[in-house]
Amino acid sequence: MAIQKYDVIVVGSGPGGGIATYVLAKAGLKVALVERGPRLRAGADYNAHADVYENLDRRLSSGKRGVMSSVWSDHAARDHFTGVGDRPGHGFLPALGGRSLCWAGHSLRFGPIDFKRWPISYDEVAPYYSKSERLMQVHGMKDGLSNMPDGEFEPGVPYRCGEKMLKVGVERLKKQGRRMEFVAQRKAIPTQSKPGGRTVCHYCGHCMKGCEVDSKYTSANTPIPLALKTGNLTLLTGTMMTRVRMSKQGARVEGIDVVDREGVKQLDCKALVLACNSVETPRLLLANGIANSSGQVGRNLCSHFGITVVGLFPQIRGRDASNDDGTDYYHSLLTGMYWEQPSPKFDGTYQVQCASGLNPTRLFRDAPGWGSQLKRNLLDISVTHVNMNMQGSLIVSPRKYVDLDPDRKDQFGIPLPRVHLHYEDNDLAMARDVLDTCQEVILAAKGTVYSKPREIAPQELVIDGNHWVGTCRMGTDPKTSVVNTECRSHDIPNLWINDASVFGWYPEKNPTLTNIALSWRAAERLTERMRKGEV
Amino acid sequence: MQRRDALIVLGGVAIAAPAKLDIANYKPRFFTAAEYALVDELTELLLPEDGTPGARAAGVRYYIDTVLLYSDASAQRLWRDGLAAAARDAESRAGKPLGSANASEKNSFMEKWAGADSMFFRVFKGLTIEAYGHSDVAQRLHFGYKGNHAVHHFTGCQEDHQA
């Protein structure tokens, strides 16, 4: 079979791969997007609105996990990695759009203080934040914060009653001199219609289960269809990259081998973009033995981790709680504690995403009592609770990294990735501070603490297996970094990495908006260099 | 209601629709009849009808039987053993099987059983709460939940709460 030739092959259709595909195809380059998973159909392949009891037997008898249909529970990869140490997760959704199908849409700009520890400045990334927010249709309130700049927002979504109480607590603590801010969340979900825009949100609260009206931004509903319209994109779903083919001297990428339902194929390219996520991208580089003269591929692994504190506010008992669904659970954010003045007790920062609202499927299995008292408690806790969930940055160290499992391979013969996570003193010190702060905020607003971790110890900490970053770190020194400030490999001049593997220092903020902005910027640089004949 | 008595015609082809769930006439597939009756009693004691629907009206016993049918062997054993122990406990306290006890005797047993807070009781309570929370009947009539569908606006908190 003839080898198919492209200007650029993009591997992986998640947030980074999707935007790269769009930018490159719009620039007139011939692009192939290789995605190992299928294109999923909302409503047919996942349906969060479906009645649980009516569908229970059908779901469980077919081996599906969980009682509610969601794009995650029904399509996430399983047994696809080896975890070592403190229960690391590795969220992986092999489908067109990747985990942009199941993300909550939280879109927070990193700030100028964050970028001081990067080799690029906030000002260089800001135009790409703006472009990304407009395309993604991010909603939010303008807050004027020093280190989480406002963006190009559609109208923001208001707090629920419990979150308003948290704001009261925060304002009281601020009057006592505490540094903290309580703001509304910012999400890539349209709240107003615009020409060419997506469907406006209908506030059913099922964002993370898969948006069935394609209101929430995904790679599959926005950049990829736009790329297809250019006529420059060949979309190859159900297609797994199995090998990167290098030139005879090993200096350049010639193309890739893939496997699809017809068998093995070869695709050639002038440039290769990897966007498989911060565990899969280093895995594939290590398996192919490329781009790692620095020894940093798989290293500098970071994510967010946390604890959860639940409070109750009796003051909001008796309110109308008939429809709290909104844009899924977390509508607000506690942040800004340690931007200008770092904590003396730990390095790094954290934020606390805050939620509230009645939803009977959010269970309180430990609600006290039995009989009528238990029924009253279940209702009361649902109506009056707040959920404060820590998102803190792990301390980066040699004890946290990705490598290859020497014993286990996937069905293509590629070694599975191994994710090593060991919580350290800094992580515990950060979690202790979060526990104190959350309790103080609840009590300042005259609430009570309903639940909290029994102790701050590794077994009580929960990793976010969807927020991994840093494993192909960006830097100016090829000895200590994998890609340069354009996300181009130091070692291989026609290899780019367009996912969150490239992240430098990781603040408390969710990664995806920055992933998309950096990928947009990197794709523009790739296009310029290709036009100048420098690739 | 008979299974497969509804047909959908799509594009000229008749397809059997999935039979509508009929909890009232459902025969347990994991539990024995006696175990199922005990689950019905215990879940209704834990979450009783008291002005809003209880576990029985919500169909909780069907949910638990179905979940356990597809659970692993250790979960199934835990429930079989736990229910047998609860049945023995109830009979020794009331002097008769729980199903034959009066309301006061049943409540007295549940109070003691809940108070002992055994590992199985916690598992039982957790799954019963889960089944109840996912029931359309309980959602609407106990929790007053009107969500899980489309609305044009999200108004958020509209009230002035005193903190």
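Per chain, numbering begins at 1; letters A, B, ... match sequence-line order.
Both the backbone and the side chain of A:D57 come within less than 4.5 Å of a heavy atom in chain B. Within the 4.5 angstrom heavy-atom criterion, no atom of A:P155 approaches chain B. For a residue to count as touching a neighbouring chain, one of its non-hydrogen atoms must lie under 4.5 Å from one of that chain's; by this rule A:V67 touches chain B with the side chain only. In this structure, chain A has heavy atoms under 4.5 Å from both the backbone and the side chain of B:H142. With a threshold of 4.5 angstrom between heavy atoms, A:H206 approaches chain B through side-chain atoms but not through N, CA, C or O. With a 4.5 angstrom heavy-atom cutoff, B:T155 touches chain A only via backbone atoms. Residue contact with chain B, scored on non-hydrogen atoms closer than 4.5 Å, involves the side chain of A:K164 exclusively. B:V137 does not touch chain A: none of its heavy atoms, backbone or side chain, sits under 4.5 Å away. Heavy atoms closer than 4.5 Å to chain B are found in both the backbone and the side chain of A:T361. With a 4.5 angstrom heavy-atom cutoff, A:A48 touches chain B only via backbone atoms. Using a 4.5 Å cut-off between heavy atoms, A:T191 does not touch chain B at all. In this structure, chain A has heavy atoms under 4.5 Å from both the backbone and the side chain of B:A131.
Ring centroid separation for the pair B:H161 and A:F313 does not come in under the 6.0 Å cut-off.
Side-chain N or O atoms of A:D325 include one that pairs as donor or acceptor with a backbone N or O of B:N148 at under 3.5 Å.
Most heavy-atom pairs under 4.5 Å with chain A: of the set B:R140, B:Q139, B:R122, this distinction falls to B:Q139. Chain B forms more heavy-atom pairs under 4.5 Å with one residue of A:D366, A:I316, A:T327 than with any other, namely A:I316. Of all the listed residues (B:K125, B:E49, B:H153), the one sharing the greatest number of non-hydrogen pairs under 4.5 Å with chain A is B:K125.
Between A:D324 and B:K146, none of the side-chain N atoms (NZ, or NE/NH1/NH2) sits under 4.0 Å from a carboxylate O, so this pair counts as no salt bridge.
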Legend entry - From CA spacing to verdict: side chain to side chain contact (heavy atoms under 4.5 Å, CB included), A:L378, B:L47: CA-CA 10 Å; A:L378 286 173; B:L47 296 172; 4.0 Å; yes
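The aromatic rings of B:Y62 and A:Y53 lie tilted to each other, with the angle between the two planes from 30° to 60°.
One finds the CG atom of B:L45 at 7.0 Å from the CH2 atom of A:W370 (value rounded to the nearest 0.5 Å).
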